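First the structure, in the form of structure tokens, and then the observations on it.
Fair warning: this is a prediction, and the values are worked out from it, not measured in the lab.
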2 protein chains.
Amino acid sequence: MGRPTVHDIAREAGVSLATVDRVLNARPGVRAQTVERVQNAVQRLGYVRDTYAANLARQREYRFAFVLPDGASQFVETFKAALQEAIGAQIGERISARIEAVPSHDPHAVVRVLNALPADKLDGVAIMTPETPQVRDAVARLKDEGLPVVALVSDLPSSGRDHFVGINSFQAGRTAGVLMGRFACAKSGQVLVVTNSMHARDSVERRLGFDEVMAETFPHISVLPSLETHDDPDRTDRIIAEAFRSNSDLLGVYSMGPGNVALLNALRSTGRLQDLVVVAHELTPSTRIALQDGEIDAVINQNVGHLVRSALRVLRAKCDGSEIFEAQERIRIDIVLRENLP
Amino acid sequence: MGRPTVHDIAREAGVSLATVDRVLNARPGVRAQTVERVQNAVQRLGYVRDTYAANLARQREYRFAFVLPDGASQFVETFKAALQEAIGAQIGERISARIEAVPSHDPHAVVRVLNALPADKLDGVAIMTPETPQVRDAVARLKDEGLPVVALVSDLPSSGRDHFVGINSFQAGRTAGVLMGRFACAKSGQVLVVTNSMHARDSVERRLGFDEVMAETFPHISVLPSLETHDDPDRTDRIIAEAFRSNSDLLGVYSMGPGNVALLNALRSTGRLQDLVVVAHELTPSTRIALQDGEIDAVINQNVGHLVRSALRVLRAKCDGSEIFEAQERIRIDIVLRENLP
DNA sequence: TGGTAGTTGAGGTACGTATATCACGTAAAG
DNA sequence: CTTTACGTGATATACGTACCTCAACTACCA
């Protein structure tokens, strides 16, 4: 015979179907002793609830909200596209997802959106935003209302989020460091580090990892202080030009954050792009082209498709109270060169 | 209202439930005109069959067979472990998989096993084996019996297989080449290329990709003819020792196939392992340790977990006649360094 | 006219689970 | 002794689909 059903449990435990149901769904009105009898039967027969039949019966729908920064970042756009695609392909999985766009540089707006989420109309929330104390509080509130919360790309530790879907920024920084050091080939000189803002936890951690490897393994290369572009193309042009004026032996550039379009333009106008080792984060249309043209040497990437599907799977598992298949949910730090472009 | 059901289709098309059922399941006894009416209704309402309800009703079980080489390869062992784990985690997905072990170096045995597969007790087959004309024929036979067939890791082109789950060997070879060239840092010298056998299509293609990049981009490095170990540790020791005697400027070693344990041992006994750039394929317990110890510089990997889950998803989709979500099924060429070890 | 084949409808049962209602105990409280 | 609350069983309906049977209708041919 196939998998045991609730009927088998009822027979094995010597109780009625109704009681099995009460126990399995943690409904009240069952003596502790009876509960145990049923649970033993479940154990003995190795019963596993058929989630799909259950969802069919209860007309379950998984209603998720994705809170994403609204802005010019190609990475977020790529992520959104992957999300739309995944939702489309998941027809039949009873998943619906709404996207809540949040002005990327307004910390208060994030909190407003989070607080405005209709907890009773949702079954889970995924959040991509920098960590602030207010966000932590808002997440805690969502958790209080019984909603599973997943942090996306940027972790929200000590906020009570159920899960983090993303890569370890410190390791990502180390990986970038090794590529920079080895591709620079024992030459000595300076490396530029550029990001939009060092207020983001990711940037800080990447920088730490990068510095650690450079100091350990490539002491002949000196890593310059982080330049912050503040997402401003003009400012980017200026600080890059200035950096090239004041450093004679520039070997490479490490771009830790978004804003690769502006950065690449600034680098192009120096006329020295081809000689530099450039390592950037996130595979987007622009970094892809730059890789193909040999302008960027390596991209450290987290696969957006994997991020999206992992977030959806984890949220579902949290809703169902089922186990997470850890091996599948670990997001890899992809190293993308021209040769292994997906 | 939620997703349309067969009832909605029946109403929309002005026919009975039975007729909708006949059309949807391609049963005979429906006028062409009526078929069209129903299909139009399906189109208009955007009906998608609820696969899980359908599987529930028809008591479907997906019975797959995995034909895998039986042998000492750590890669295959890792793959098997991932398969077992995935099957365990898929309880509730109505999937069962049997593993058919085949002596790895007996081409006839593969064919015997394939021919002995009980087509009527199976819903799909995944095959990991080198390509031979006999295998092609056996696959064609399986297809004739109506079974979906997926080629794993090593493609079986022109065999009629439904899908290939694995990476492009040529691109993988190119990727290895770039890493070798760049990590060798403009020094000139020779690179050893080692595999167990150049009869395998993978090895040939990897070699082609590797050579192409080396010739294009690193002409100062000369790539030596492929050494074949034939899975024999003693032979491996001998040919490696001989290669070190006759080449004075060895810069690196590219290991294209399995047998990394024996190769690493042979390299260790030369005492020059630390100075070499070593690029190998497949992340296994031994290559992982060698990466950590700095003996191997880079591993080109195809994630076994992804391979397994992709094969299962594709086989299921083929059984259901549903679309494949291409973006999800593209296996990435992973570059694994010590710093981004998963 | 009757026969036959092709087409359609009506309705049922089943899959495994959720959920509701009602009835029947038993034991404690009044 | 009655009342009440609690624990349990019996039974039904539903979810969306598959698959079966039986009846009925149409069209065509002999």
Integer-rounded Å distance: [N] [atom2] and [X] [atom1]:
| X | N | atom1 | atom2 | answer |
| --- | --- | --- | --- | --- |
| A:Q33 | C:dT26 | CD | P | 16 Å |
| A:R11 | D:dG9 | CZ | C1' | 16 Å |
| B:D320 | D:dA18 | CG | P | 11 Å |
| B:R27 | D:dT17 | CZ | C1' | 10 Å |
| A:L56 | C:dA14 | CG | P | 17 Å |
| A:H7 | C:dA18 | NE2 | P | 12 Å |
| B:L17 | D:dT21 | CG | C1' | 15 Å |
| B:E36 | C:dT7 | CD | C1' | 17 Å |

Between [N] and [X], is there an OP1 or OP2 to side-chain N/O distance shorter than 4.0 Å?
| X | N | answer |
| --- | --- | --- |
| A:R49 | C:dA18 | yes |
| B:S16 | C:dG9 | yes |
| B:Y52 | D:dA18 | no |

Among [options], the one nearest [X] by side-chain distance:
| X | options | value |
| --- | --- | --- |
| A:R58 | C:dT21, D:dG16, C:dA18 | C:dA18 |
| A:V15 | D:dG16, D:dG9, C:dG16 | D:dG9 |
| B:V30 | C:dT17, C:dC15, C:dT8 | C:dT8 |
| A:A54 | D:dT17, C:dT17, D:dT8 | C:dT17 |
| B:A18 | C:dA10, D:dG7, C:dT17 | C:dA10 |
| B:Q59 | D:dG9, C:dG16, D:dC15 | C:dG16 |
| B:V6 | C:dA10, D:dT17, C:dG16 | D:dT17 |

Pick base, sugar-phosphate or nothing for [X], based on heavy-atom distances below 4.0 Å to the nucleic acid.
| X | result |
| --- | --- |
| B:R22 | base |
| A:T34 | sugar-phosphate |
| A:N55 | nothing |
| B:D21 | base |

Whether A:D144 and A:R141 form a salt bridge (side-chain N of Lys/Arg under 4.0 Å from carboxylate O of Asp/Glu) is what I want to check. no
Whether B:R94 and A:D50 form a salt bridge (side-chain N of Lys/Arg under 4.0 Å from carboxylate O of Asp/Glu) is what I want to check. yes
Nearest-nucleotide wise, let me know which of B:D50 and A:V35 is further upstream toward the 5' end of DNA chain D. A:V35
Mapping B:T51 and A:A32 onto DNA chain D by nearest heavy atom, which one lands closer to the 5' end?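 Its nearest nucleotide lies further toward 5', so the answer is A:A32.
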Quick check: do A:Y52 and B:L56 have side-chain heavy atoms less than 4.5 Å from each other?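 SC-SC contact between A:Y52 and B:L56 ruled out.
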Any chance the side chains of B:D320 and B:Y62 put a donor and an acceptor closer than 3.5 Å?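 On atom types as modelled, these side chains qualify, holding a pair under 3.5 Å.
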Where the side chain of A:R37 meets the backbone of A:A13, is there a donor-acceptor pair that is under 3.5 Å apart? yes
Look at the aromatic rings of B:H306 and A:H306 and report parallel, tilted or perpendicular, splitting at 30° and 60°.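 Correct class here is tilted.
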Along DNA chain C (nearest heavy atom to each residue), the more 5'-positioned of B:T19 and B:A53: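 Final value for this comparison: B:T19.
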